[in-house]
Amino acid sequence: MAQVLALAPDASSGKAARGLANPRTWSDLGSNESLVWGKCQGSARAPYQVTVDLTEPAFRCTCPSRKLPCKHGLALLLMWSANNGVVADLESAEPFAADWAAQRASRHATASARTAPDPEAQAKRLAERESLMSAGIDDFERWLHDVVRQGLASARRQPPSFWDTAGARLVDAQLPGLGDRVRAMGSNIHARNDWAPHLLGELGRWHLAVKAWRRRGELDEAAMGDLRAVLGWARRRDEIGDRVTDRWWVVGLSQEEDERLLSQRTWLHGERTGETVVLLDFAAAGQALKIAHVLGSIVDGEVARYPGGEPRRALLTGDEPKVTQGAGLPHATDVRTALGHTARWLAGNPWLRRIPMALAGMTVLPGDPPQLVDRTGAALTLAPDTDIWQLLALSGGHPVSVFGEWIDERLHPLSVEIDDRLVSL
């Protein structure tokens with residue numbers, strides 16, 4: 001973000017850009033490997049069309065300002081550089097951005113010609129980023145030692161700014177994933193009854209990330225993929241090449257929305273491979289998701305899987321996939337088998353936060369806390385925010401198949417099978 005503000009023609013443009021870097025004033029936001037685009041509502045009736053070519057960078061905006069870059073172009077680049085999902089990664093650019101890019105390309109050679117990346121420049125940028133991240137890791141390790149030295153009880157007495165400041169330093173060091181986890185602890189430490197073991201477990205996982213970063217040269221591709229995910233180091237689409245074709249059952253959907261961003265997790269289960277993967281889709285707050293997956297459907301197509309351990313993140317690729325209607329939850333198991341999968345996945349990736357579980361023959365037991373119990377008597381505790389009465393009403397007190405996410409030793413149900421169809425919870 002500092003590099004973006006350094007492009008401002010004057011101080012007032014940089015200040016105005018920071019004020020405009022708010023998704024509420026923008027629409028049609030998106031990016032790909034070389035472009036960032038969006039529409040900003042200004043004083044004119046029609047929103048300004050803003051595009052940034054990342055290869056130089058070069059700016060184009062339909063506003064009347066003579067400054068280059070203008071405040072709108074700087075604001076768009078600030079939102080993209082924050083790397084928080086507000087500016088989504090999309091397959092195709094908006095027409096106004098694609099047309100401008102094509103015009104620029106034609107002036108250099110043909111519309112399809114592209115300049116080959118400079119390996120030396122790429123290596124230099126990578127080294128600079130790793131140096132910044134390493135400095136952030138060193139600072140974070142000192143902070144972790146201070147927290148542990150002062151004791152868990154002392155950590156609970158810290159104000160929210162204690163956690164927010166530490167998280168912000170991590171974001172500045174290009175470690176946004178760790179920053180989000182640290183900031184979340186500021187509220188979790190007061191909201192949870194089991195705050196002490198939860199904090200101790202997170203401190204251990206954070207320290208493990210510090211040690212893993214220092215030994216990153218020894219990690220295999222899967223372990224490095226998991227480490228990059230917890231640190232928040234995103235991958236380009238051209239780095240995601242592990243592709244597999246299957247009939248993918250859409251078994252669970254989960255949406256989260258805040259004042260800036262709408263995000264959706266879509267859990268898919270491969271009929272042939274038996275693998276469960278997750279798709280992540282994003283849109284600015286107030287906008288619709290580009291891809292709307294239907295619970296209970298079967299997507300016959302190809303996915304590209306991110307490097308990492310199971311369950312892996314994936315992207316739908318190729319042409320428009322064939323979508324048909326499925327019936328039920330094909331891979332549901334008992335609690336013991338599901339916990340066995342969980343133990344195996346956590347052994348491979350200790351930073352895993354959400355674990356998919358497909359459970360068969362589960363009976364809802366109200367109580368404090370409420371539980372799901374299988375036919376063998378094995379039980380799982382439901383998350384505190386579970387709508388237990390909706391689950392009871394749908395099941396009628398009978399055993400049902402349930403799909404959910406296992407988070408912090410609590411099950412968050414996402415769907416339930418009723419009469420061979422999946423119903424969202």
Side-chain angles (χ1 to χ4, degrees), residues 152-153 155-160 163-164 167 180-206 251-259 261-267 278 295 311 329 332 334-336 338-339 341-343 345-346 350-374 377-418 422-425:
L152 302 187
R156 199 184 193 205
R157 292 194 295 269
Q158 297 291 344
W163 307 96
D164 290 342
D180 288 344
R181 291 193 177 210
V182 170
R183 280 190 293 235
M185 185 57 69
S187 59
N188 290 340
I189 201 171
H190 297 289
R192 300 175 63 108
N193 292 327
D194 60 342
W195 66 270
H198 176 69
L199 172 59
L200 186 59
E202 280 293 87
L203 289 171
R205 284 183 282 271
W206 298 344
V251 294
L253 300 173
S254 178
Q255 285 193 0
E256 297 176 359
E257 186 172 11
D258 56 27
E259 61 182 12
L261 186 68
L262 170 65
S263 61
Q264 176 173 285
R265 291 185 303 280
T266 304
W267 290 99
V278 62
L295 183 66
L329 199 58
D334 59 18
V335 169
R336 182 174 181 176
L339 289 177
H341 291 320
T342 298
W345 289 338
L346 284 173
W351 304 293
L352 196 58
R353 301 187 75 173
R354 293 182 174 87
I355 300 172
M357 281 191 175
L359 302 160
M362 306 302 293
T363 301
V364 184
L365 289 185
D368 187 18
Q371 295 179 321
L372 288 180
V373 181
D374 68 11
L380 295 176
T381 301
L382 291 169
D385 59 352
T386 301
D387 189 341
I388 189 68
W389 302 113
Q390 180 192 24
L391 197 51
L392 273 171
L394 288 169
S395 66
H398 301 291
V400 291
S401 293
V402 177
F403 180 86
E405 296 174 331
W406 183 249
I407 305 172
D408 292 337
E409 300 185 355
R410 299 290 187 271
L411 184 70
H412 297 249
L414 300 182
S415 59
V416 58
E417 180 183 339
I418 304 295
L422 290 182
V423 179
S424 180
L425 295 172

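Everything quoted here is computed from the prediction, not taken from an experiment.
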| Short question: side chain of Asp374, backbone of Asp334 - any donor-acceptor pair under 3.5 Å? | no

| Do you know which two heavy atoms are closest between Ala196 and Leu152, and how far apart they sit? | O-CD1, 3.9 Å

| message | In the structure I gave you, are the side-chain heavy atoms of Val400 and Leu394 within less than 4.5 Å of one another anywhere? | response | no

| said: Working to the nearest 0.5 angstrom, can you tell me the gap between Leu391 CG and Thr363 OG1? | reply: 10.5 Å

| message | If I compare all heavy atoms of Leu295 with all of Gly252, which pair ends up nearest, and what's the gap? | response | CD1-N, 3.6 Å

| Taking the side chain as C-beta and beyond, is there a heavy-atom pair between Val278 and Pro356 under 4.5 Å? | no

| Can you find a heavy atom in the side chain of Glu202 that is under 4.5 Å from one in the side chain of Asn188? | no

| More than 12 heavy atoms of other groups within 6.0 Å of Asn193 CG | no

| request: Could you grab the distance from atom CE of Met185 to atom CD of Gln158, nearest 0.5 Å is fine? | output: 13.5 Å

| query | Would you call Met357 and Val335 a side-chain contact if the rule is heavy atoms closer than 4.5 Å? | reply | no

| message | So which atom in Ile189 and which in Arg156 form the shortest heavy-atom distance, rounded to 0.1 Å? | response | O-NE, 3.0 Å

| field | Check: Asp194 side chain, His198 main-chain N or O, donor-acceptor pair, under 3.5 Å | value | no

| said: Tell me the closest heavy-atom pair linking Pro311 and Leu352, and the distance in Å. | reply: CD-CD2, 3.7 Å

| note | Taking every heavy atom of Ala332 against every heavy atom of Leu359, the minimum-distance pair comes out as CB-C, 3.7 Å

| said: Rounded at 0.5 Å granularity, tell me how far CZ in Arg181 sits from CZ in Arg205. | reply: 7.0 Å

| query | Say you draw a straight line from CG of Leu380 to CG of Leu365; how long is it, rounded to the nearest 0.5 Å? | reply | 11.5 Å

| query | side chain to side chain donor-acceptor pair (under 3.5 Å): which pairs involve residues 399-410, sequence neighbours left out? | reply | Arg192-Asp408, Arg265-Glu405, Trp267-Glu405

| Does Asp387 reach the side chain of Leu425, with side-chain heavy atoms less than 4.5 Å apart? | no

| Within a strict 4.5 Å, meaning less than it, do heavy atoms of the Leu253 and Ser424 side chains meet? | no

| task | Quick one: pull up NE2 in His190 and CZ in Arg157 and give me the separation to the nearest 0.5 Å. | result | 11.0 Å

| request: Hey, could you give me the CZ/CG distance between Phe403 and Leu422, rounded to the nearest 0.5 Å? | output: 9.5 Å

| task | Verify, without hydrogens or angle tests, whether Glu417 (side chain) and Leu329 (backbone) share a donor-acceptor contact under 3.5 angstrom. | result | yes

| request: Please tell me if the side chains of Thr381 and Leu411 come closer than 4.5 Å, counting only heavy atoms from C-beta onward. | output: no

| Heavy-atom side-chain contact between Pro366 and Leu392 under 4.5 Å | yes

